[in-house]
2 protein chains.
Amino acid sequence: MRTPSHPSTDALRLPEVLHALSDPVRLEIVCALGGGSELACGHLEAPVSKSTLSHHLKVLRDAGVTRTRADGTQRLVSLRLEELEARFPGLLGCVVDGAHRPA
Amino acid sequence: MRTPSHPSTDALRLPEVLHALSDPVRLEIVCALGGGSELACGHLEAPVSKSTLSHHLKVLRDAGVTRTRADGTQRLVSLRLEELEARFPGLLGCVVDGAHRPA
DNA sequence: TCGGAAGTTCGATTCATCTAGAACTAGAAT
DNA sequence: ATTCTAGTTCTAGATGAATCGAACTTCCGA
C-alpha cells in the first residue's frame, strides 16, 4: 500500500470538484478537515461502512479536493488548500462556511 | 403554464446547490446568466435537446439557484443572486469565476 | 378558430453513483 | 511466523441522473 496518485493542480475540473463536494457524507469529511488538520480515515466520523468511506475518500482525492499519504498502516487525509485556492479562489472557504451555517 | 414554484431561501441546501452546479451544461447556463440578465430558455445555448434543457432548468430551479417566471409563451430565467448571497455568501461568485478561468 | 411557437411532462434507455459485504494487501506488534 | 490493525479493491444490488423523442399545454397571432 503506497500513497495513491493525485491530479495536478492544472487538472482540477470545477464540475468534478463541485460534484465531489455535493454529497453530504463527503461534505462532512471536508468540514472535518477544514482547519487544515490531517486525519486518518478511521478518525473520520461518517455513517457509512469502511468500504463506502474509502470510496468517498477516493472521489475527493480524484477530484483534487484532498490529499492522502501513507503512514504505516494508516492513511492521513488532508485538504489541498493551497492548490484549490490557486485554482478556484475562495471556493472551499465558501463551501465550508456554508456547510456550517444553520438552515 | 404558470410560473413554477421555487424553494424559499431558508430551504436552500448546500449539497443540492452544489449538485445543481456540478453538471457542465448547468454550469454553462449559470455562467450565461452570470451578469444578472434574464434570459428565455430558448436563448440559452446548450448542446442538448429541448426536453433535456427543460430538465436542467428544473434542477437549477429546485435547488434554488435560478428563478423562472412566465412571460407569454416564454419563461424568463435568472439567477437568485441576493438569496444565494444571503444563504451562501460568495459561493456563486467563486463558481462563476472558476468556470471562466482557463484550465 | 386554427396554427405555430415555447416549454413542460411522460416514457424509456442508458449510464453513473451510493451502498455494503467479502476478500485482499500492507505494515506493526507480539 | 502469526496475528492484528487499517484500508483498499472486487462484486453486486439498488437508486438516481442525463438523455432523447413524442405527446401535451399555453399563449400569441393570422
Side-chain angles (χ1 to χ4, degrees), chain A residues 1-7 13-30 32-33 37-78, chain B residues 1-7 13-33 37-78 99:
Chain A
M1 269 185 187
R2 256 178 310 172
T3 294
S5 70
H6 297 74
R13 301 271 170 269
L14 185 55
E16 197 177 350
V17 170
L18 293 173
H19 173 255
L21 296 172
S22 73
D23 180 276
V25 173
R26 291 193 292 263
L27 197 50
E28 194 53 47
I29 292 172
V30 169
L33 298 170
S37 48
E38 203 178 24
L39 292 178
C41 303
H43 295 161
L44 293 167
E45 291 179 21
V48 293
S49 70
K50 210 167 52 159
S51 58
T52 301
L53 177 59
S54 189
H55 158 71
H56 283 307
L57 290 172
K58 178 171 162 56
V59 172
L60 286 169
R61 181 174 0 103
D62 288 351
V65 176
T66 59
R67 171 183 22 243
T68 302
R69 70 182 180 90
D71 176 48
T73 64
Q74 300 193 124
R75 301 267 164 303
L76 297 181
V77 183
S78 55
Chain B
M1 270 184 187
R2 255 179 308 166
T3 295
S5 69
H6 298 74
R13 282 202 286 280
L14 185 55
E16 197 177 350
V17 170
L18 293 173
H19 173 253
L21 297 171
S22 74
D23 180 276
V25 172
R26 291 193 292 261
L27 198 49
E28 194 53 47
I29 292 171
V30 169
C31 287
L33 297 170
S37 48
E38 205 179 23
L39 292 177
C41 303
H43 294 161
L44 292 166
E45 289 179 22
V48 292
S49 70
K50 209 167 50 159
S51 56
T52 300
L53 177 59
S54 190
H55 159 72
H56 283 307
L57 290 172
K58 178 171 164 54
V59 172
L60 286 169
R61 182 176 357 104
D62 288 350
V65 176
T66 59
R67 171 181 24 244
T68 302
R69 69 181 181 89
D71 176 47
T73 63
Q74 300 192 125
R75 276 39 239 302
L76 298 181
V77 184
S78 55

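Proteins get letters first, then strands, A, B, ... in listed order; numbering begins at 1 in each.
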### Message
Under 4.0 Å between a side-chain nitrogen and a carboxylate oxygen: does that hold for A:E38 and A:R69?
### Response
yes
### Query
Rounded to the Å, how far apart are A:D62 CG and D:dT8 P?
12 Å
### Task
Under the side-chain hydrogen bond (donor to acceptor under 3.5 Å, both in side chains) rule, collect the residues that match up with B:S54, sequence neighbours excluded.
none
### Task
Check every atom of C:dG7, D:dT5, D:dT8 against the side chain of A:T73 and return the nucleotide holding the closest atom.
D:dT5
Close N/O contacts between protein and nucleotides 12-22 of chain C (under 3.5 Å):
from	atom 1	to	atom 2	distance (Å)
C:dC18	OP1	A:R26	NH1	3.1
C:dC18	OP1	A:R26	NH2	2.9
C:dC18	OP2	A:R26	NH1	3.3
C:dC18	OP2	A:H55	NE2	3.1
C:dT19	OP2	A:H56	NE2	2.5
C:dA20	OP2	A:S49	N	2.8
C:dA20	OP2	A:S49	OG	3.3
C:dA20	OP2	A:T52	OG1	2.9
C:dA20	N7	A:S51	OG	3.2
C:dA20	N7	A:T52	OG1	3.4
C:dG21	N7	A:S51	OG	3.3
C:dG21	O6	A:S51	OG	3.2

### Query
What is the distance, rounded to the nearest whole Å, between atom NE2 of B:H43 and atom P of C:dA6?
8 Å
### Message
Restricting to side-chain hydrogen bond (donor to acceptor under 3.5 Å, both in side chains), what partner residues turn up for B:H56, sequence neighbours left out?
### Response
B:R26
### Query
Between atom CG in A:L76 and atom C1' in C:dA26, what is the gap in whole Å?
15 Å
### Task
Return the set of residues passing side-chain hydrogen bond (donor to acceptor under 3.5 Å, both in side chains) with B:R13 (not counting sequence neighbours), or none when no residue passes.
none
### Task
Can you tell me the distance, in whole Å, between the CZ atom of A:R69 and the P atom of D:dA6?
17 Å
### Query
Under the salt bridge (charged side-chain N to carboxylate O under 4.0 Å, His left out) rule, what pairs show up with a residue in residues 41-60 of chain B, not counting sequence neighbours?
B:K58-B:D62
### Task
Under the side-chain hydrogen bond (donor to acceptor under 3.5 Å, both in side chains) rule, collect the residues that match up with B:S37, sequence neighbours excluded.
none
### Task
Could you tell me the separation between the CG atom of B:L60 and the P atom of C:dT8, rounded to a whole number of Å?
12 Å
### Query
Tell me: CZ of A:R75 to C1' of D:dT8, nearest whole Å?
8 Å
